[in-house]
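Structure incoming, see below.
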Protein chains: 2
Amino acid sequence: MTETANHPVTTSQKTIRILETIFRKNGGTLTELASELGMNKSTTHNHLSTLVDEELVVRDGAEYRLGLRLLELGGYARNQHTLYQQALPEIERLADQTGEIANLVVEEHGHAVYLACEAGAQAVNIEVYPGLRRPLQVTAAGKAILASLPAERIDEIIDRHGLPAKTSNSITTRDELTECLAEVRDRGIAFDDGEHIDGLRCVGAPIHDDDGDILGAVSVSGPASRMTDDRFYDEFPSIVNSTLNVIELNINQNAP
Amino acid sequence: MTETANHPVTTSQKTIRILETIFRKNGGTLTELASELGMNKSTTHNHLSTLVDEELVVRDGAEYRLGLRLLELGGYARNQHTLYQQALPEIERLADQTGEIANLVVEEHGHAVYLACEAGAQAVNIEVYPGLRRPLQVTAAGKAILASLPAERIDEIIDRHGLPAKTSNSITTRDELTECLAEVRDRGIAFDDGEHIDGLRCVGAPIHDDDGDILGAVSVSGPASRMTDDRFYDEFPSIVNSTLNVIELNINQNAP
DNA sequence: ACACCCGTTCCATTCGGCAAAACGATCTTC
DNA sequence: GAAGATCGTTTTGCCGAATGGAACGGGTGT
């Protein structure tokens, strides 16, 4: 299932690695990228000029940067998720209502991927943007999704990505995770108490269709200073829950 | 400047063409894509499994679709535009104020690229999304940008992309365009009166930094039924203009 | 004016991308 | 339930093309 390609196209892999490197380093010159990748300058040059030709990369003097063509493709990838179209207005409302950051998350390739993140009035400016990927088990939304997946799928994902620790609170063993997910299934709500970023608390809930299949998750995150225990454990879970109900209603109405 | 690469990496071009085709056809099976591209099945298969490996493509049964990894890269490409960060709140306000669709547009590779498009209360649902590209000369925002570019750059762009007609109102000759851009420079406002989509009217204005360099454009679009002449020629231009002033103030304050 | 750094071009080698065909799996049809 | 069609996967050999070394050119800064 999650096995790697038998005959990968190595040339294309190189091109993709270049894109990734530009992404990681936030742009760079030809020689920078070539040495970073351990590739010859002329090879890198050929790849880069191809990418510029195809408009996936923009050249600004000596600097190469990611081009907006990627946004066209990525924006389209997002739009094809009907969940996005159905849930976006509710996510915006959730952000307004809480004043914090409200997120819509789906699972892809074993990652938690943010489809939307709307900032409320007093939202703290953490670097979160549509398309961002994080490990599933360190986010509230990701845990909500994991809790709705069959055990063998969870094993697959752990085999592929492991359980990397982000803070001292992170879950790092399969046993801890199993226990945690059982609680999530009980409550219908997942928590992240500084497991990804110290001092950041997060409340999430899974979104199901009427067949009971998991579609994604909705979550709200804010700093512990404003996320007092009563808001974290009572108020926000109930707000998230009512948002969830509206979203599931929308989905099941529009897809009979 | 706008010349094509001397030694393009043809293998990577093929991979990119596959991505484009999936984009255009909104997904497809292996054999569909192979015949569409005139490529052998095994070749297409190798490329596709590489793309899935790299998480740029998602496989859902027999269907291949664009993956959200592209949204990660594209979202990042958008975030690196400081204009986006500075102008987004004003675009949202503009959408609220007018009830129509408010857009933030930049030029890249000779296209008008939508960085943001926020829907107001009564916005008509035209298919516009972040990352969408359109010819510059058929949109109000694009004309605003063109009007601020040096003539030789405009010639380059026309050489590369031509002046494709979208409706019977579209500008199709260099002379018409020159005349139109002169008016835009006079007024500081650009109009699109059904030049891209019949019955769609659009008001745009160019965003400059304090050096006078063009950064992008802001625009509002709505159906002619609501965009009566007085709103189209008076009310909306003045609203767009005041939005523009706030954005330019933000930019020049935060980048001294 | 000189030197350094970075991007570009040229060329030979060899690696790997490509197509044709055979195989396997899944779903439909009689 | 068997036969056939259709689609994805694998195998294999050949030729193209991606690669890296080295030389060239162009800009900038001291």
Taking only Lys NZ, Arg NE, NH1 and NH2, and the carboxylate oxygens of Asp or Glu, determine whether B/K143 and B/E183 approach each other closer than 4.0 Å. no
When the distance from NE2 of B/H45 to C1' of C/dA19 is rounded to whole Å, what number comes out? 15 Å
Using a strict 4.0 Å threshold on nitrogen-to-oxygen distance, state whether B/R65 and A/E108 make a salt bridge. no
Once you round it to whole Å, what is the distance between P of C/dC6 and NZ of A/K41? 8 Å
Heavy atoms under 4.0 Å, any strand shown: does B/T11 hit a base, just sugar-phosphate, or nothing? sugar-phosphate
To the nearest Å, give me how far apart NE2 (A/H7) and C1' (C/dG17) are. 11 Å
Between D/dT19 atom C1' and A/I18 atom CD1, what is the distance in whole Å? 12 Å
B/T10 side chain N/O closer than 4.0 Å to the phosphate oxygens (OP1, OP2) of D/dG16? no
Closest to the 5' end of DNA chain C, once A/S12 and A/G61 are matched to their nearest nucleotides, is A/G61
Using the side-chain heavy atoms of A/L30, tell me which of these nucleotides is nearest: C/dG16, C/dG7, D/dG8. C/dG7
Side chain proximity check, B/H208 to B/I251, heavy atoms < 4.5 angstrom: no
With a 4.0 Å limit, can you tell me whether A/N40 has a side-chain N or O closer than that to the phosphate oxygens OP1/OP2 of D/dG21? yes
Which one, C/dC18, C/dT8, C/dA20, comes nearest to the side chain of B/H47? C/dC18
Identify whether any heavy atom of A/K14 sits under 4.0 Å from a base atom; if not, whether one sits that close to sugar-phosphate; answer base, sugar-phosphate or nothing. sugar-phosphate
Whole-Å distance, B/L37 CG to C/dC18 C1', equals 14 Å
Starting at atom CG of B/L48, determine the distance to atom C1' of C/dC18, rounded to an integer number of angstrom. 15 Å
Nearest-Å distance, CD (B/E63) to P (C/dT26)? 18 Å
Side chain to side chain contact (heavy atoms under 4.5 Å, CB included), paired with A/L136, selected from A/L163, A/I157, A/I158, A/V105: A/I157
Under the criterion side chain to side chain donor-acceptor pair (under 3.5 Å), which of A/R134, A/K166, A/Q137 is the partner of A/H196? A/R134
Under 4.0 angstrom, heavy atoms only, what part of the nucleic acid is A/T43 near: base, sugar-phosphate, or nothing? base
Establish, with yes or no, whether the OP1 or OP2 oxygen of C/dT8 is under 4.0 angstrom from a side-chain nitrogen or oxygen of A/R59. yes
Nearest whole angstrom, please: distance from the P of C/dC18 to the CZ of B/R17. 10 Å
Phosphate OP1/OP2 of D/dA22 contacted by A/S42 side-chain N/O (<4.0 Å): no
